[in-house]
Amino acid sequence: ETGVTQSPTHLIKTRGQQVTLRCSSQSGHNTVSWYQQALGQGPQFIFQYYREEENGRGNFPPRFSGLQFPNYSSELNVNALELDDSALYLCASSFGTGPGPQHFGDGTRLSIL
Amino acid sequence: AQTVTQSQPEMSVQEAETVTLSCTYDTSESDYYLFWYKQPPSRQMILVIRQEAYKQQNATENRFSVNFQKAAKSFSLKISDSQLGDAAMYFCAYRSGGGGSNYKLTFGKGTLLTVNP
């Protein structure tokens, strides 16, 4: 069973740039959720994708957007990067939209200079 | 909106001893799920234990058990026979169980657990 994989592991960008983070869901999972974890904080929900459609969104501005592909992998795109976007971005996959366990990847550490 | 509070930023325990991590939450829902996740320095969030709110019985997973007090909205994690590998950041999390399109996890700020040899 292949777990959740995220790429890249670490990324450095400057303010105003755009970034794309990638996530491959665990085998058999069709739902992907993205979380932002600032240093010393718990993760905060960004949005969830189910069957290629956004299925719920947290309190993040529209410059945070996403995609889910037919193979259930997903991308998180952030435009016009700000210093506060520096964080660990976690992807979690699950089966369906029920309260089954979410399985997390190792995250992408994004640093904004 | 639901909130999760972990009042202990840091805890330490001696190897082989028992430690309890505290978590309280606020919700108006009756159907929900509670989780404890472990995040070691490797960064991956690992599910430790899960509790369904409608179940009276406290969940147990090997050395990990919870004390779920629904009326008090309290959900503590007990780690017995602590091992060096238990050292990590521990997060308490809440998830709605009812219908709807959003099954997000709401996390507390975490408790950093140190295990001393």
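A note on names: the letters A, B, ... follow the listed sequences, proteins ahead of strands, and every chain is numbered from 1.
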Problem - Check: B:Q39 and A:L88 side chains under 4.5 Å, non-hydrogen atoms - result: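 The answer is yes; the side chains approach within 4.5 Å.
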Practice task
Find out whether B:Q44 and A:L90 are in side-chain contact, i.e. whether some heavy atom of one side chain is under 4.5 Å from a heavy atom of the other.
Solution key: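 Not in contact.
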Problem - Residue among A:P43, A:S94, A:G42, A:S33 with most heavy-atom pairs under 4.5 Å to chain B - result: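 Among A:P43, A:S94, A:G42, A:S33, the one with the most close pairs to chain B is A:P43.
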Handout entry: Contact residues of residues 45-75 of chain B (partner chain A; heavy-atom separation under 4.5 angstrom)
Key =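 The list, in residue order, reads B:M45, B:L47, B:R50.
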Handout entry: Cluster check A:Y50, A:F45: I/L/V/M/F/W/Y, side chain < 4.5 angstrom
Key =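 The answer is no; the residues belong to distinct hydrophobic clusters.
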Exercise for the section: Could you state whether A:F60 and A:L110 fall into the same hydrophobic cluster, counting links through intermediate Ile, Leu, Val, Met, Phe, Trp or Tyr residues with side-chain heavy atoms under 4.5 angstrom apart? Expected result: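 Shared cluster, yes.
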State whether the number of non-hydrogen atoms from other residues, nucleotides or ligands found under 6.0 Å of [X] atom [atom1] is greater than 12.
X      : atom1 : answer
B:K109 : NZ    : no
A:R63  : CZ    : yes
B:L84  : CG    : yes
A:Q36  : CD    : yes
A:F64  : CZ    : yes

Exercise for the section: Would you check, one step at a time, whether the test side chain to side chain contact (heavy atoms under 4.5 Å, CB included) holds for B:F91 with A:Q41? Expected result: CA-CA 10 Å; B:F91 290 97; A:Q41 302 292 318; over 6 Å; no
Taking only distance into account, with no hydrogens and no angle test, what donor-acceptor pairs under 3.5 Å do side-chain atoms of residues 99-107 of chain A form with protein atoms, sequence neighbours excluded?
unit_1	atom_1	unit_2	atom_2	d
A:Q102	OE1	A:Y35	OH	3.0
A:Q102	NE2	B:Y103	O	3.4

Practice task
Among B:M89, B:R43, B:Q6, single out the residue with the greatest number of heavy-atom pairs under 4.5 Å to chain A.
Solution key: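 That would be B:R43.
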